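Remember, predicted model here, so these are calculated numbers, not experimental data.
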Amino acid sequence: MQQIGAEMNLSETAFVEPVRTEVNLCGHATMASAAVLFEEGNQQEVLHFETLSGRLSVRRDQAQKGLHLQMDFPACPATAALPPVVTKVKDKLKGCFMGVQTQDVLMSLDLKYVLVVLASDTTQQQLMDMQCDTRQLESLADKQNVFAVCVTCSGDGKPYHFFSRFFAPWAGIDEDPVTGSAHAMLGPYWAQHIDKFEKTLHARQCSERVGELQVSVDSEKARVTVAGQAVIVSKGEMYVPVNVRS
């Protein structure tokens, strides 16, 4: 399975069965698995997946056209209480992101994601134009302490409430196109920092490919719902030689 994942050459490869090695939480791999199962005729209203982060549930919204899926995440809020290894390199970490002004550095200890919040006047275009020195970023910590860094700034709610980019060089991913799990951290943060209460936050991940998500936060249950449109882009068969040694 590791070899198949390497052959696919994508951020994550999902296998709809138990595996020996897996990341704690990967939203889009879980969404993709649900999309395939729904597309192939699964009639369940909700699909449940057992992961290292517990049970994740994906619901298909029948009222929407196409494969519009809603995924239930555990909330993974970011805290200002940084572990010593991150506190020590905090200023150097900020310097890895060029062309923007940073406001704060937080961390979700559950996900090992560092959250870099940009100055309140940062625009979407400035975030998109921002350069990241991923090699320098990777040198500042090891993957036992940090899995990824998410950079975010606010929007005006017309239509986006916040923007983000996601870098995970420790996992071999310089920049992830769209990261569902990051919104289990981003949702609770922006739900607290947006002046006007909104039931659903509209998010845009500003990678080269771009991704759009709808995020709802249930603070009482400590859950985050991330929704978006899934598209099946290819189907095929893979032939794996059974006698080839790894």
Side-chain angles (χ1 to χ4, degrees), residues 2 5-6 9-14 19 21-30 51-54 56 73-119 122 127 130-153 162-190 192-193 203 205-208 211 213 215 222 224 226:
Q2 294 281 358
N9 196 30
L10 297 171
S11 302
E12 306 286 352
T13 301
V19 296
T21 303
E22 61 179 305
V23 298
N24 285 355
L25 183 61
C26 183
H28 276 72
T30 308
T51 76
L52 294 181
S53 292
L56 302 180
F73 284 96
C76 300
T79 174
L82 303 176
V85 66
V86 177
T87 300
K88 186 169 65 173
V89 299
K90 182 177 176 179
D91 290 337
K92 290 182 179 180
L93 188 147
K94 291 179 180 180
C96 293
F97 303 101
M98 293 158 280
V100 292
Q101 294 293 319
T102 58
Q103 175 178 299
D104 208 353
V105 176
L106 310 170
M107 187 170 185
S108 169
L109 302 178
D110 295 320
L111 296 171
K112 295 184 181 179
Y113 292 176
V114 175
L115 179 62
V116 176
V117 182
L118 300 182
T122 305
L127 177 62
M130 179 191 75
Q131 299 295 312
C132 174
D133 186 341
T134 52
R135 299 287 75 82
Q136 172 68 8
L137 186 65
E138 185 179 11
S139 72
L140 296 179
D142 61 62
K143 63 182 179 181
Q144 301 301 318
N145 296 294
V146 177
F147 188 85
V149 176
C150 182
V151 182
T152 188
C153 67
F162 63 89
F163 305 99
S164 66
R165 291 176 66 184
F166 187 89
F167 305 91
W170 299 274
I173 306 164
D174 282 353
E175 181 167 8
D176 195 27
V178 193
T179 317
S181 60
H183 291 77
M185 171 181 67
L186 289 164
Y189 177 84
W190 285 114
Q192 290 184 340
H193 288 81
Q205 191 159 330
C206 299
S207 63
E208 185 175 350
L213 310 93
V215 183
V224 176
V226 177

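In terms of heavy atoms, Thr79 sits closest to Leu82 at O-CD2, 4.0 Å. Closest non-hydrogen pair, Val85 versus Val89, comes out as O-CG2, 3.5 Å. Summarising the geometry of Val224 relative to Ala184, their closest heavy-atom pair is CG2-O, 4.1 Å, with the distance given to 0.1 Å. Nearest heavy atoms, Val178 versus Gly211: CG2-CA, 3.6 Å. Across every non-hydrogen atom of Val146 and Ala141, the tightest pair is CG2-CB, 3.8 Å. Scanning all heavy atoms of the two residues, the minimum distance from Cys76 to Ser108 falls at O-OG, 3.2 Å.
Paired with Leu186 under the rule side-chain contact (heavy atoms from CB on, under 4.5 Å), one option of Leu213, Val215, Leu115 passes, and it is Leu115.
Once rounded to the nearest 0.5 Å, the distance linking CG of Leu111 with SG of Cys150 reads 10.5 Å. Atom NZ of residue Lys90 and atom CG of residue Asp104 lie 6.0 Å apart, to the nearest 0.5 angstrom. Here SG of Cys206 is found 9.0 Å from CD of Glu175. Values are rounded to the nearest 0.5 Å.
Under the 30°/60° scheme for interplanar angles, the aromatic rings of His193 and Trp190 are found to stand perpendicular.
In summary, Asp174 and Arg135 engage in a salt bridge, as defined by a charged side-chain N under 4.0 Å from a carboxylate O.
Between the Thr152 side chain and the Phe163 main chain, a donor and an acceptor come within less than 3.5 Å of each other. A donor-acceptor contact shorter than 3.5 Å is absent between the side chain of Thr134 and the backbone of Pro169. Between the Lys112 side chain and the Gln144 main chain, a donor and an acceptor come within less than 3.5 Å of each other. A distance-only check finds a donor-acceptor pair linking the side chain of Arg165 to the backbone of Met130 [under 3.5 Å]. Using a distance-only test at 3.5 Å, with no hydrogens or angles considered, no donor-acceptor pair links the side chain of Trp170 to the main chain of Asn145.
The shortest side-chain heavy-atom distance between His183 and Gln205 falls under the 4.5 Å cut-off. Contact check for Cys96 versus Leu140: side-chain heavy atoms found under the 4.5 Å cut-off. Side-chain atoms of Leu56 and Pro74, non-hydrogen and from C-beta on, do get closer than 4.5 Å to each other. Looking at heavy atoms from C-beta onward, Leu106 lies out of side-chain contact with Met185 at the 4.5 angstrom threshold. Side-chain contact between Leu118 and Leu127 is present, with at least one heavy-atom pair separated by less than 4.5 Å.
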Original post:
Taking it one step at a time, do Phe97 and Phe167 satisfy ring-ring contact (aromatic ring centres under 6.0 Å, His included)?
Top reply: CA-CA 11 Å; Phe97 303 101; Phe167 305 91; 5.7 Å; yes
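With 3.5 Å as the limit, one finds no donor-acceptor pair spanning the side chains of Tyr113 and Thr179.
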